[in-house]
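To start, the structure itself, in structure tokens.
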Amino acid sequence: MPELPEVETTVRYLKDKIIGQKIVGLDFDTPNLIKKPSPEELKRQIVGKKITKIERKGKNILIYLNQDYLLLIHQKLTGHLLYGKWQKEKGKWLPQEKNSPLFLDRQNRFIHFLLFLANGKMLALSDLRKFAKIIFAKKEEVLNSDDLKTLGPEPLSKEFTLAYFQKICQKSNKPIKTLLMDQKLISGIGNIYSDEILWQAKISPLRKANSLKEKEIKVIYQKIKVVLKEAIKLQGTSIVDYRKPDGAKGEMDKFLKVYRKEGQKCPRCQGIIKRVVINGRSAHFCPKCQK
DNA sequence: CGATTCCCCTGATAGC
DNA sequence: TGCTATCAGGGGAATC
């Protein structure tokens with residue numbers, strides 16, 4: 001699923017390809033993805049506008065348009081943006097290049113939303129589960145909406161200090177995994193990287209945040225940065241649905257230590273990796289070396 | 001206010 | 001073989 005590193009990879013890839021491009025058309029087959037405005041209104045308003053900027057906030061993709069408009073895309077579980085050319089066959093959008101991952105990898109074949117650009121290329125949203133969220137409005141309105149303004153600090157930014165992390169840990173009686181995934185406290189970390197961060201830090205995901213010692217908090221803090229940076233460098237994890245905008249997989253899969261590895265041996269201590277449900281999410285960890 | 005449950009959706013998988 | 005039940009999972013809403 002797209003978390004901070006995957007969204008960052010997507011934004012970096014698209015930056016020099018779509019900035020300056022005018023949107024010349026729009027197509028969709030799942031109106032429910034478009035939360036605001038109505039799909040008809042969106043089509044009427046977005047066509048003709050030019051893309052001026054693209055950035056990431058937490059797990060959200062922000063595509064800025066001229067006349068102070070902003071398109072927000074949250075990919076949720078299985079959504080990912082793709083860049084290429086598609087053609088409609090029997091009501092379904094199919095990629096034109098038959099030997100590209102856009103065509104060969106089935107995860108890229110669930111196209112539900114398409115923007116046509118002036119350069120002849122398209123920006124498409126593939127989303128198997130149809131959970132993604134699309135919002136289009138005036139820039140100020142989107143930036144001041146709950147979708148964005150409730151987000152906590154970016155974990156790789158200066159604002160995310162050790163003192164801040166210590167403070168939120170001490171104040172929370174929740175499991176540390178739940179805290180790491182709380183977008184209001186830290187933005188961008190999801191199920192994959194919370195598991196991986198805690199494995200690297202040798203801390204059990206079940207530990208209550210306010211039970212952590214100062215030294216442990218510091219290690220987790222450091223591992224947040226290390227793991228996210230490594231994942232960005234490797235262009236994300238494609239173990240499930242995520243793909244880069246060219247349809248190819250990220251390289252982070254083979255560096256994962258615990259996520260989706262229930263029953264396998266811990267690469268550090270040979271303990272058996274366990275899966276438990278925390279706050280409705282599956283958590284993977286090694287009970288032998290994560291305390 | 002915080003904690004819990006439900007819901008959105010559909011492919012994969014297990015059970016029969 | 002093929003049908004049905006169950007599950008994953010980010011985040012928001014409803015409920016306790």
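Each chain gets a letter, A, B and so on, in the order the sequences are listed, and its residues count up from 1.
Scanning for side-chain hydrogen bond (donor to acceptor under 3.5 Å, both in side chains) contacts around A/Q270 gives an empty result, with sequence neighbours left out. Judged as a side-chain contact (heavy atoms from CB on, under 4.5 Å), and not counting sequence neighbours, the contacts of A/N279 are A/T178.
For the pair A/D195 (side chain) and A/V258 (backbone), a donor-acceptor distance under 3.5 Å is absent.
Rounded to an integer number of Å, the gap from CZ of A/R275 to C1' of C/dG9 is 11 Å. Taking atom CG of A/L128 as the reference point, atom C1' of C/dC7 lies 14 Å away to the nearest angstrom.
With salt bridges taken as basic N to acidic carboxylate O contacts below 4.0 Å, none links A/K43 and A/E40. Checked for salt-bridge contact, A/E230 and A/K233 meet the test: a charged N lies under 4.0 Å from a carboxylate O. With respect to the salt-bridge test (charged N to carboxylate O, under 4.0 angstrom), the residues A/K88 and A/D27 qualify. Of the charged side-chain nitrogens involved, none lies within less than 4.0 Å of a carboxylate oxygen, so that A/E216 and A/K291 do not count as a salt-bridged pair. With respect to A/E214 and A/K218, no salt bridge is recorded, no charged nitrogen being found less than 4.0 Å from a carboxylate O.
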For nucleotides 10-13 of chain C, which of its nitrogen or oxygen atoms have a protein nitrogen or oxygen under 3.5 Å away, and what is each distance?
from: C/dG10; atom 1: OP2; to: A/R281; atom 2: NE; distance (Å): 2.6
from: C/dG10; atom 1: O3'; to: A/K59; atom 2: NZ; distance (Å): 3.4
from: C/dG10; atom 1: N7; to: A/R281; atom 2: NH2; distance (Å): 2.5
from: C/dG11; atom 1: OP1; to: A/H74; atom 2: NE2; distance (Å): 2.8
from: C/dG11; atom 1: OP2; to: A/K59; atom 2: NZ; distance (Å): 3.2
from: C/dG11; atom 1: N7; to: A/R281; atom 2: NH2; distance (Å): 3.2

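Taking the 5' to 3' direction, DNA chain B first and last meets chain A under 4.0 angstrom from a heavy atom at B/dA3 to B/dA12.
Between A/N173 and A/K130, the residue whose closest nucleotide on DNA chain B is further toward the 5' end is A/N173. Nearest-nucleotide positions on DNA chain B place A/R129 closer to the 5' end than the other of A/R129 and A/R106.
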Going through the distances and angles, do A/Q222 and A/K225 end up as a side-chain contact (heavy atoms from CB on, under 4.5 Å)? CA-CA 5 Å; A/Q222 288 164 344; A/K225 307 231 176 203; over 6 Å; no
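Here side-chain hydrogen bond (donor to acceptor under 3.5 Å, both in side chains) pairs that include residues 116-138 of chain A, with residues two or more places apart or in two chains, are A/T78-A/D127, A/Y83-A/N119, A/K133-A/D147.
Here A/N32 lies in heavy-atom contact (under 4.0 Å) with sugar-phosphate atoms only. When heavy atoms are screened at a 4.0 angstrom cut-off, A/T78 is found touching no nucleic acid atom at all.
Residue A/Y259 places at least one side-chain N or O under 4.0 Å from the OP1 or OP2 atom of C/dG9.
Other residues, nucleotides and ligands place more than 12 heavy atoms under 6.0 Å from the NZ atom of A/K49.
Two end axes, each from the C1' atoms of five base pairs, can be drawn for the helix from B/dG2-C/dC16 to B/dC16-C/dG2; they diverge by 60°, to 10 degrees.
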